[in-house]
2 protein chains.
Amino acid sequence: MAEKKLTLLLDFHSGLPIYTQIVNQIQSQLANGILKPGDQLPTVRALASELRVNFNTVARAYRILDEARIISTQQGRGTYITEIPPPEVTEKLRRESLSELTGRFIGEAFRLGFSEREVSQMVRDSLKSWKEAKNVKDEE
Amino acid sequence: MAEKKLTLLLDFHSGLPIYTQIVNQIQSQLANGILKPGDQLPTVRALASELRVNFNTVARAYRILDEARIISTQQGRGTYITEIPPPEVTEKLRRESLSELTGRFIGEAFRLGFSEREVSQMVRDSLKSWKEAKNVKDEE
DNA sequence: TGTGTATTGTACTAATTGTATCATTGTGTG
DNA sequence: CACACAATGATACAATTAGTACAATACACA
């Protein structure tokens, strides 16, 4: 599955800005299931060339959709429809990210030669001081 | 135990660059004891082929890990997990570095919205799995 | 022991992608 | 008409990944 066609129809006389029309039509195609999460969109240049507009116009539309978390644009790679995972998956990803973060921390600590005891003690201390700092802040 | 499988899961649609995902997952597997010091990693070409990416992308990830002294890449030989070479530092500097490392970790975890309970639980789990992996290795 | 060959990582470059900034155009309003 | 402002275009840039050639090492085998 490379990338699908993404047929957009622009009306250059409608008064609506081009980038708005692109935004609207992509949103509507997503709503209609023509586009699905994970789908790759054409590159800004490819779509721009097909629509006979400047690629900055497409980029502007993509940026708006990106800020709305509808698509994900990645410099050097491309743009994709955002996956909208159900809550339980989100929670799973959340835990995985904590797991990765913790893993990197533990790994780095061990690499530096600290013992399990030292690490867990330092974590306790750090959590404690963090909590105290938070309490102080709450009392302000 | 020559080389192990090293199962990595890439998400080509996530915002993270491929090489970053490789770096993160190797670090995480090391931290969780899935990878251990001395283990040989797949060659850049083998891993690249398995992940269906260009081998330079793997090489870039390896170089980052190498610069962080986490792995050791040797032209013509292969790539290995570093044999925990703790830097020569004074006890004072050593404790300060652990404190700083821990502080960064805790701060980041809180910034990501994790609770104190979640963080400490995950640290316990991570330390536990490391210890288990270590025992397995000792029995070999 | 020497030598050819395969295997491994490295270096440099190119291609493809999105980003940032400013210039130009067009349109409406005083 | 003159100005303001939004939309679009032009240009240069940065990030990511891929292509190609090369160098270091290991290993088989004469």
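As the structure is a computational prediction, the values presented were derived from the model and not from experiment. Proteins come first, then strands; the chains are lettered A, B, ... in the order of their sequence lines, and each starts at number 1. Basis for what follows: all heavy atoms, side chains included, without hydrogens, waters or symmetry-related copies.
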*Return the set of residues passing salt bridge (charged side-chain N to carboxylate O under 4.0 Å, His left out) with B/Glu118 (not counting sequence neighbours), or none when no residue passes.*
A/Arg94, A/Arg95

*Measure the spacing between CD of B/Gln74 and CD of B/Gln40 and express it to the nearest 0.5 Å.*
9.0 Å

*Provide the closest heavy-atom pair for A/Gln25 versus A/Leu8 in the form atom of the first, atom of the second, distance.*
OE1-CA, 3.5 Å

_So that I can tick it off, tell me whether A/Glu108 and A/Arg104 are bridged by a salt bridge, with the cut-off set at under 4.0 angstrom between side-chain N and carboxylate O._
no

*asked:* If you compare all heavy atoms of A/Ser129 against all heavy atoms of A/Ser126, which two are closest, and at what distance to 0.1 Å?
replied: OG-O, 3.0 Å

*Residue list, side chain to side chain donor-acceptor pair (under 3.5 Å) with A/Thr73, at least two apart or on another chain*: A/Asp66

*Any A/Leu41 side-chain heavy atom under 4.5 Å of A/Leu6 side chain*: yes

Can you give the donor-acceptor pairs under 3.5 Å from side chains of residues 12-23 of chain A to other protein atoms, not counting sequence neighbours?
| from | atom 1 | to | atom 2 | distance (Å) |
| --- | --- | --- | --- | --- |
| A/Ser14 | OG | A/Asp11 | O | 3.3 |
| A/Ser14 | OG | A/Leu16 | N | 3.1 |
| A/Ser14 | OG | A/Gln21 | NE2 | 3.2 |
| A/Tyr19 | OH | A/Arg60 | NH2 | 3.3 |
| A/Gln21 | OE1 | A/Asp11 | N | 2.8 |
| A/Gln21 | NE2 | A/Asp11 | O | 2.8 |
| A/Gln21 | NE2 | A/Leu16 | O | 3.0 |

*Please find the earliest and latest nucleotides of DNA chain D, in the 5' to 3' direction, that have an atom within less than 4.0 Å of any heavy atom of chain B.*
D/dT16 to D/dA26

*asked:* Is the shortest side-chain heavy-atom distance between B/Glu67 and B/Arg63 below 4.5 Å?
replied: yes

*Does any non-hydrogen side-chain atom of A/Leu101 lie less than 4.5 Å from one of B/Phe114?*
no

*asked:* Using a strict heavy-atom distance below 4.0 Å, which residues from residues 62-74 of chain A are in contact with DNA chain C?
replied: A/Thr73, A/Gln74

*Where along residues 43-60 of chain A does a heavy atom fall under 4.0 Å from DNA chain C?*
A/Thr43, A/Val44, A/Arg45, A/Phe55, A/Asn56

*Report the distance from atom CD1 of A/Ile18 to atom C1' of C/dT25, rounded to the nearest whole Å.*
13 Å

_Taking the nucleotide of DNA chain D with the nearest heavy atom to each, does B/Tyr19 or A/Pro17 sit closer to the 5' end?_
A/Pro17

